Number of protein chains: 2
Amino acid sequence: MLSHTEENYLKALLKLSFQNEEKPEAGTNEMAAYLGVKPATATDMLKKLKEKELVTYKKYGKILLTELGRAKGIAILRKHRLWETFLYEKLDFSWDEVHEVAEQLEHIQSPKLVNKLEEFLDFPEFDPHGDPIPRANGELPTVDKVLLTDVKAGESCQVVAVKDTSTVFLQYLEKLQVTIGTLVKVMEVVDFDGSMNIQIASSDPRNVSMKFAESLFVKKKTSVTV
Amino acid sequence: MLSHTEENYLKALLKLSFQNEEKPEAGTNEMAAYLGVKPATATDMLKKLKEKELVTYKKYGKILLTELGRAKGIAILRKHRLWETFLYEKLDFSWDEVHEVAEQLEHIQSPKLVNKLEEFLDFPEFDPHGDPIPRANGELPTVDKVLLTDVKAGESCQVVAVKDTSTVFLQYLEKLQVTIGTLVKVMEVVDFDGSMNIQIASSDPRNVSMKFAESLFVKKKTSVTV
DNA sequence: TATAAAAGTTAGACTAGTCTAACAAATATA
DNA sequence: TATATTTGTTAGACTAGTCTAACTTTTATA
């Protein structure tokens, strides 16, 4: 049986691994910052998780989830996203209210509860944020990712991956404050050159080239009124 | 903000006060036994709750909830019983499975959640056990209590109070293992003398006199198939 | 009513999770 | 590559909640 705290560390590690698929390992400071604790605290907990064979860890090294740790993390993520869906769909919570409550609900221990909840919600594949809900067997529904060029004017989407991984492009993304997870709304598509006016997160719209739009994978968001 | 543990102490105290309406105060050992901790532990926590003005307590004295403490306790009970109702009504949990999970769910902090849940359940007044669900303002729906004589053959009920508080009667109840909360099913009513064959909890049916049945308040249970 | 039993408290210890401050290792850079 | 910076670890301390063992107060009873 894992404590809430242990569960939170596993979930954090899983989330961090998603942020960088090819390099799924994390550092102590990174973990600590993510969880809002001091690095010393994270070090202690990582030793403990290593004892329980939930992470691979050695002094001054990077941290990785073991198979077991990943499975536990996935189970928590599953609960989190199912609860978010419940709150949004059944209890009229708004898009931005669900997360905080789901952070609490995800720690409820009852295998029956999570499966019954899933059934009650009619086996949803994505949560209100458009993120995939892990299935009981741990599989993640694949995201229907498309290039930004395939998004039409008026539609919203979320950046899920980059096609072009060149330094110049990544630096450009950084300048634009675009990272994995950034929300983008296509305001207008210019037929002439294929460029787009897009709104990045909540900032002012700006124009990006067709080449740019061909280099970014996004997933379309079911339009959510926040 | 109260910890889960503090909340559990308040809930325990509230429950104990219900068990003895005229004498709603509890003792340290009683609390400890109820919560499954040692008396020394309860003493420490009671001091802490006193500091927070949630209970009235002094050394070697009895413990009582303050107005504030009672309100907090009622709020937890409200959540507990709403969640039980949710699990039973919406997620197909059985009568005996709901409690354990509700013990966890009752600690979720979100005023919006509890009120929305109540609305989603269509403002239920009683939980699957037939216990009243406190309303948002703290009021408890009154239980429709009747004398055992008013229960017909085939109906089930739960003991809620005694009309006759004489020692002989109470001792008789004790011998029969009847206390507040005991489930009773009326198997047969004998017209001749008004006596009844009743099944107490899950034990074998036995005959009780009309006088007995006139001395016990029960609430009828909506028939629940366990 | 004196004493035995029951009820309750105190003191000291332990664990989980956190912190700060000082230190050590790894990495980046001049 | 030598040094500065970043990253991570260790040691020691604190809080909440728990325990055991010894002690004190209250209550019941001989």
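Just so it is clear, the model here is predicted, and its values are computed rather than measured. Numbered from 1 within each chain, the chains take letters A, B, ... in sequence-line order.
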Length of the [atom1]-[atom2] vector between [X] and [N], whole Å:
X	N	atom1	atom2	result
A:Lys58	C:dA25	NZ	C1'	15 Å
B:Met45	C:dG8	CE	C1'	17 Å
B:Leu46	D:dA16	CG	C1'	15 Å
B:Glu25	C:dG8	CD	P	11 Å
A:Met31	D:dG8	CE	C1'	13 Å
B:Asn29	D:dT26	CG	P	15 Å
B:Leu35	D:dC19	CG	P	10 Å

Counting any heavy atom closer than 4.0 Å, what does A:Thr5 reach on the DNA or RNA strands: base, sugar-phosphate only, or nothing? sugar-phosphate
Cation-pi geometry met for A:Lys90 and A:Phe120 (6.0 Å, 45°): yes
Less than 6.0 angstrom from the centroid, inside 45 degrees of the normal: does A:Lys112 satisfy that with respect to the ring of B:Phe93? yes
Just compare [options] and give me whichever is closest to any side-chain atom of [X].
X	options	answer
A:Thr43	D:dC19, D:dG8, C:dG8	D:dG8
A:Ala40	D:dC19, C:dT9, D:dA11	D:dA11
A:Lys38	C:dA7, C:dT20, D:dT7	C:dT20
A:Lys59	D:dC19, C:dC19, D:dT10	D:dT10
A:Lys62	D:dG8, C:dT20, C:dG8	D:dG8

Of A:His4 and B:Lys47, the one whose nearest nucleotide on DNA chain C sits closer to the 5' end is B:Lys47
Does A:Tyr60 or A:Asp44 map to a spot on DNA chain C nearer the 5' end, using the closest nucleotide for each? A:Asp44
Could you pull out all residues at least two apart from B:Lys50 that satisfy side-chain hydrogen bond (donor to acceptor under 3.5 Å, both in side chains)? none
Report yes if at least one side-chain N or O of B:Thr28 is closer than 4.0 Å to OP1 or OP2 of C:dA7; otherwise report no. no
Distance-only side-chain donor-acceptor flag, A:His107 / A:Asn8, under 3.5 Å: yes
Rounding to 0.5 Å, atoms CD (B:Glu53) and CG (B:Leu68) come to a distance of 8.0 Å
